[in-house]
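Got a structure here, written out as structure tokens. Questions coming.
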Amino acid sequence: MEGKVALVTGLTGQDGSYLTELLLSKGYDVYGLVRRLSSPSTTNIKHLLSEVNFIQGDLIDQSSLDNAIYSCKPDEVYNLAAQSFVGTSWEQPVLTGEVNAIGVTRLLEAIRKNKKDAKFYQASSSEMFGKVVEMPQTEKTPFYPRSPYGISKVYSYYYTVNYRESYDMFCSNGILFNHESPRRGIEFVTRKITDSVAKISLGLASELRLGNLDAKRDWGFAGDYVKAMWMMLQHDKPDDFVIATGETHSVREFVELAFSEVGLDYKDYVVVDPKFFRPAEVNILLGDYGKAKNLLKWEPEVSFKELISMMVKSDLDKNDVR
Ligand code: NAP
Ligand code: G4F
């Protein structure tokens, strides 16, 4: 493992921070592609700043991607960068496509021209299954995306497959179902819930406004899922893998358990607000990770209940300023 070079895009995000920790622990020389922002977004990577080599770049800018690949000559490229919030994809559909769809074409071209033997991981998503046509969803389930975000991820999924087939490049898609952690962005439903539970329990808030409580997701722990990303690039050939827990739970169940962590009943605090309903909803997702289990020997380790408990505890610590 010693001496390998990895380039991670989206390093400042939830998955990027966990993946970088994993790669550093395995002796990789890690390069991170980061955007120039007026206030750098370092919340998730404060503890890693001195250990990573930063390259300024943006998935919208071809020259910065060419430069990134040319300058660090990576053995492995993990493309985690995205406009990752489904809700925003209806507000900014063109940006979502530019970054999540065309951005992947740009990055694949940069690799093809500057370091064709680099292995490539694409952060594909269970949102591609959308209005699901079968239960559970596997690598063979047809896609039916329900949002500009889901559509952008189908585009990049097929680009990844196409570069594998056209140019014999090592390109793999991880079709990851929802995964969460204390580092999850605050607008995603799980973190929004655990942050509010902490605030309500500490007397800092009095209600939690949510949208569709009946939506069901297959939720796992981000720390488990980044191991699968790495395993995919160590596999003997490029391929596509579903990464999931094989369990589905409703938003209501998540809320109920999160409030019970602090001894409260969610019905006393949760208000359903149509403002948070989506123009087209993904009602249920449930993944079958059998292929990853068989070929990669990957399995989820953190349970649904343990995940909620971890997130509530972390938000209690973050909000408790006494
Ligand atoms: P996240 O926390 O939102 O992180 C997204 C990252 O992308 C951030 O580092 C962000 O940088 C960067 N980024 C955004 N636009 C960019 C651009 N134009 N150029 C370069 N970087 C840009 O997302 P995550 O939850 O870690 O997810 C990682 C990847 O997996 C994403 O592609 C997501 O769509 C996909 N995915 C996530 C899940 C999940 O449940 N978490 C499931 C399936 C797939 P800034 O800090 O500068 O904003
Ligand atoms: O937490 P969410 O915003 O995640 P969503 O839409 O499932 O997307 C996440 O997982 C995908 C993998 O399937 C990733 F590709 C994507 O990048 C992202 O990480 O919403 C989950 C569910 C939805 O059905 C939503 O309608 O929760 C429902 N929900 C109910 N009330 C809410 C709310 N979602 C949010 N964000 N905020 C609410 O108040």
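This one's a predicted model, so the numbers in the text were calculated from it and none came from an experiment. In each ligand, atom 1 is the first atom listed, and ligand 1 is the first ligand listed.
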Residue A123 vicinity, atoms of ligand 1 by number, heavy atom under 4.0 Å
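Within the 4.0 Å cut-off of A123, ligand 1 contributes 29 (C), 30 (O), 32 (O), 35 (C).
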If you have a sec, work out which protein heavy atom is nearest atom 28 (C) of ligand 1 and how many Å separate them, to one decimal?
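The answer is L80 O, 3.4 Å.
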Between Y18 and F221 (judged by ring centroids, cut-off 6.0 Å), do the two rings come close enough to count as a pair?
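When the ring centroids of Y18 and F221 are compared, they turn out to be within the sub-6.0 Å range.
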Tell me if the aromatic rings of F143 and F129 count as close, with their centers under 6.0 Å from one another.
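Yes, close enough.
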Just let me know how E187 lines up against ligand 2, side chain, backbone, both or neither, with a heavy-atom cut-off below 4.0 Å.
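Backbone only.
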Go through the side-chain N and O atoms of D218 and H249 and say whether any donor and acceptor fall under 3.5 Å apart.
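There is no such pair between these side chains.
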Short N or O distance, L59 and ligand 1, threshold 3.5 Å exclusive:
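Between L59 and ligand 1 (N or O atoms, distance only) the closest approach is under 3.5 Å.
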Close approach of Q83 to ligand 2, heavy atoms, under 4.0 angstrom
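It does not; every heavy atom stays at 4.0 Å or beyond.
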With a 4.0 Å cut-off on heavy atoms, does F277 reach ligand 2?
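Judged by the 4.0 Å heavy-atom criterion, F277 does not count as contacting ligand 2.
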Mind checking whether T12 contacts ligand 1 via backbone (N, CA, C, O), side chain (CB onward), both or neither, at a 4.0 Å heavy-atom cut-off?
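Near ligand 1, T12 shows its backbone as well as its side chain.
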G16 to ligand 1: N or O pair under 3.5 Å?
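Between G16 and ligand 1, no N or O pair is found under 3.5 Å apart.
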Examine the proximity of ligand 1 to S41 and report which part, side chain or backbone, both or neither, has a heavy atom under 4.0 Å away.
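Side chain only; the backbone of S41 stays clear of ligand 1.
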We want to know whether S196 and K192 form a side-chain donor-acceptor pair, criterion being a heavy-atom distance below 3.5 angstrom.
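Distance-only check fails for S196 and K192.
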Which residue pairs pass the ring-ring contact (aromatic ring centres under 6.0 Å, His included) test when at least one of the two sits in residues 262-290, sequence neighbours left out?
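Pairs touching residues 262-290 that pass the test: F259-Y269, Y289-W298.
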Taking 4.0 Å as the limit for heavy-atom contacts, which would you say applies to E127 with ligand 1: side chain only, backbone only, both, or neither?
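It is neither; nothing of E127 touches ligand 1.
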Do R191 and F188 form a cation-pi contact, if we require the NZ or CZ to be under 6.0 Å from the six-membered ring centre and within 45 degrees of the ring's axis?
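No cation-pi geometry.
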Contacting atoms of ligand 1, where contact means under 4.0 angstrom from a heavy atom of L176
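Numbered from 1, ligand 1 contributes 42 (C), 43 (C).
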Please walk me through it: do N173 and Q122 pass side-chain hydrogen bond (donor to acceptor under 3.5 Å, both in side chains)?
CA-CA 5 Å; N173 282 290; Q122 169 56 18; 5.4 Å; no
Within-cut-off N or O pair, E180 and ligand 1, under 3.5 Å
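No, E180 has no N/O under 3.5 Å of an N/O on ligand 1.
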Could you say whether the N/O atoms of A82 and ligand 1 ever approach to under 3.5 Å?
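N/O-N/O distance below 3.5 Å exists for this pair.
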Between T9 and ligand 1, find which residue part has any heavy-atom pair under 4.0 Å and reply side chain, backbone, both or neither.
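Within the 4.0 Å criterion, T9 makes no contact with ligand 1.
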Under 4.0 Å from ligand 1, counting heavy atoms only, is it the side chain of Q14, its backbone, both or neither?
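The part of Q14 near ligand 1 is both the backbone and the side chain.
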Note the single closest protein heavy atom to atom 31 (N) of ligand 2, along with its residue, its atom name and the distance in Å.
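Sorting protein heavy atoms by distance from atom 31 (N) of ligand 2 puts G211 N, 2.8 Å first.
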Atom indices of ligand 1 within 4.0 angstrom of S125 heavy atoms, with elements:
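Those qualifying, in numeric order: 43 (C), 44 (C).
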Test of understanding: clusters of I, L, V, M, F, W, Y form through side-chain heavy atoms closer than 4.5 Å, transitively. Do L176 and Y78 belong to the same one?
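Yes, L176 connects to Y78 through the hydrophobic network.
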Please list the nearest protein heavy atom to atom 40 (O) of ligand 1 with its residue and the distance rounded to 0.1 Å.
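So the nearest neighbour among protein heavy atoms is H179 N, 2.9 Å.
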When hydrophobic residues are tied together by side-chain contacts of less than 4.5 Å, even through go-betweens, does L204 share a cluster with L208?
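Same cluster.
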Any luck finding a side-chain donor-acceptor pair between N79 and T9 under 3.5 Å?
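Present: a donor and an acceptor within the cut-off.
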Subset of ligand 2 atoms that lie under 4.0 Å from at least one heavy atom of L285
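Near L285, the atoms of ligand 2 are 13 (O).
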Can you tell me which portion of K216 lies within the under-4.0 Å heavy-atom range of ligand 2? Options are side chain, backbone, both, or neither.
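Near ligand 2, K216 shows nothing, with every heavy atom at 4.0 Å or more.
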Does any N or O of ligand 1 fall below 3.5 Å from an N or O anywhere on G13, backbone included?
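By distance alone, the answer is yes.
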Under a 4.0 Å heavy-atom limit, does S124 contact ligand 1 with its side chain, its backbone, both, or neither?
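Looking at S124 and ligand 1, just backbone atoms fall under 4.0 Å.
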Taking the cut-offs as 6.0 angstrom to the six-membered ring centre and 45 degrees off its axis, would you call K153 and Y157 a cation-pi pair?
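K153 over Y157 ring: no.
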Given that the side chain starts at C-beta and the backbone is N, CA, C, O, which of these parts of F85 lies under 4.0 Å from ligand 1, counting heavy atoms, or is it both or neither?
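F85 to ligand 1: no contact under 4.0 Å from either part.
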Just say parallel, tilted or perpendicular for the rings of Y163 and Y159, cut-offs at 30° and 60°.
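Ring orientation of Y163 relative to Y159: tilted.
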Residues which pass ring-ring contact (aromatic ring centres under 6.0 Å, His included) with F254, listed by chain and number, not counting sequence neighbours:
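W219, F304.
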Below 3.5 angstrom, do we get any N/O pair linking R217 and ligand 2?
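Such a contact does occur with ligand 2.
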Mark up the atoms of ligand 1 that fall under 4.0 Å of a heavy atom belonging to L37, in ascending order.
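Ligand 1 atoms under the 4.0 Å threshold to L37: 47 (O).
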What atoms in ligand 2 come closer than 4.0 Å to a heavy atom of A215?
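Reading through ligand 2 atom by atom, the close ones are 24 (O).
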Return a yes/no value for L213: is any of its N or O atoms, backbone included, closer than 3.5 angstrom to an N or O of ligand 2?
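No; the residue has no nitrogen or oxygen that sits under 3.5 Å from a nitrogen or oxygen of the ligand.
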What protein heavy atom sits nearest atom 6 (C) of ligand 1, and how far off is it?
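Residue, atom and distance for the closest contact: G10 CA, 3.6 Å.
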Do E261 and K305 have side chains that get closer than 4.5 Å, going by heavy atoms?
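The answer is yes, as the side chains (C-beta and beyond) meet within the 4.5 Å cut-off.
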Please write down residue, atom name and distance for the protein heavy atom closest to atom 5 (P) of ligand 2.
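Its nearest protein heavy-atom neighbour is N178 ND2, 3.8 Å.
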Proximal ligand 2 atoms for V86, defined as those under 4.0 Å from one of its heavy atoms
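Matching atoms, with element in brackets: 6 (O), 8 (O).
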Report yes if D15 has an N/O atom closer than 3.5 Å to an N/O atom of ligand 1; otherwise report no.
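Among all N and O atoms of D15, at least one is under 3.5 Å from an N or O of ligand 1.
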Looking only at protein heavy atoms, identify the closest one to atom 18 (N) of ligand 1 and say how far it is in Å.
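Among all protein heavy atoms, the one nearest atom 18 (N) of ligand 1 is D58 OD1, 2.8 Å.
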Between Q92 and E98, is any side-chain donor less than 3.5 angstrom from a side-chain acceptor?
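No pair is found: no donor N or O on one side chain lies under 3.5 Å from an acceptor on the other.
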Is ligand 1 less than 4.0 angstrom away from at least one heavy atom of K153?
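Yes.
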Within 45 degrees of the ring normal and closer than 6.0 Å to the centroid, is that where the cationic atom of K291 sits relative to F241?
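The answer is yes; both the distance and angle limits are met.
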Looking just at side-chain N and O atoms, do N100 and T96 make a donor-acceptor pair shorter than 3.5 Å?
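N100 vs T96: no donor-acceptor pair found between side chains.
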Subset of ligand 1 atoms that lie under 4.0 Å from at least one heavy atom of R184:
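Per the distance check, 25 (O), 39 (C), 40 (O), 41 (N).
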Backbone or side chain, does any N or O of S84 fall under 3.5 Å from an N or O of ligand 1?
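By distance alone, the answer is yes.
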In the protein, which heavy atom is nearest to atom 34 (O) of ligand 1, and how far is it?
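Of every protein heavy atom, Y149 OH, 2.6 Å lies nearest to atom 34 (O) of ligand 1.
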Taking N or O atoms only and a 3.5 Å limit, does Y149 qualify as a polar contact for ligand 2?
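Yes: some nitrogen or oxygen of Y149 is under 3.5 Å from one in ligand 2.
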Partner of K199 by side-chain hydrogen bond (donor to acceptor under 3.5 Å, both in side chains), out of T194, N319, D315
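Among the candidates, only N319 passes.
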Give yes or no for whether the N/O distance cutoff of 3.5 Å, strictly under, is met between V251 and ligand 2.
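No.
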Proximal atoms of ligand 2 relative to F85 (non-hydrogen, under 4.0 Å):
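Those atoms are 3 (O), 36 (N).
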Should S250 and L213 count as side-chain neighbours, where that means a heavy-atom distance under 4.5 Å?
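When only atoms from C-beta onward are counted, L213 and S250 do not touch, as no gap falls below 4.5 Å.
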F276 contact mode with ligand 2 (heavy-atom cut-off under 4.0 Å):
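Under 4.0 Å from ligand 2, F276 contributes side-chain atoms alone.
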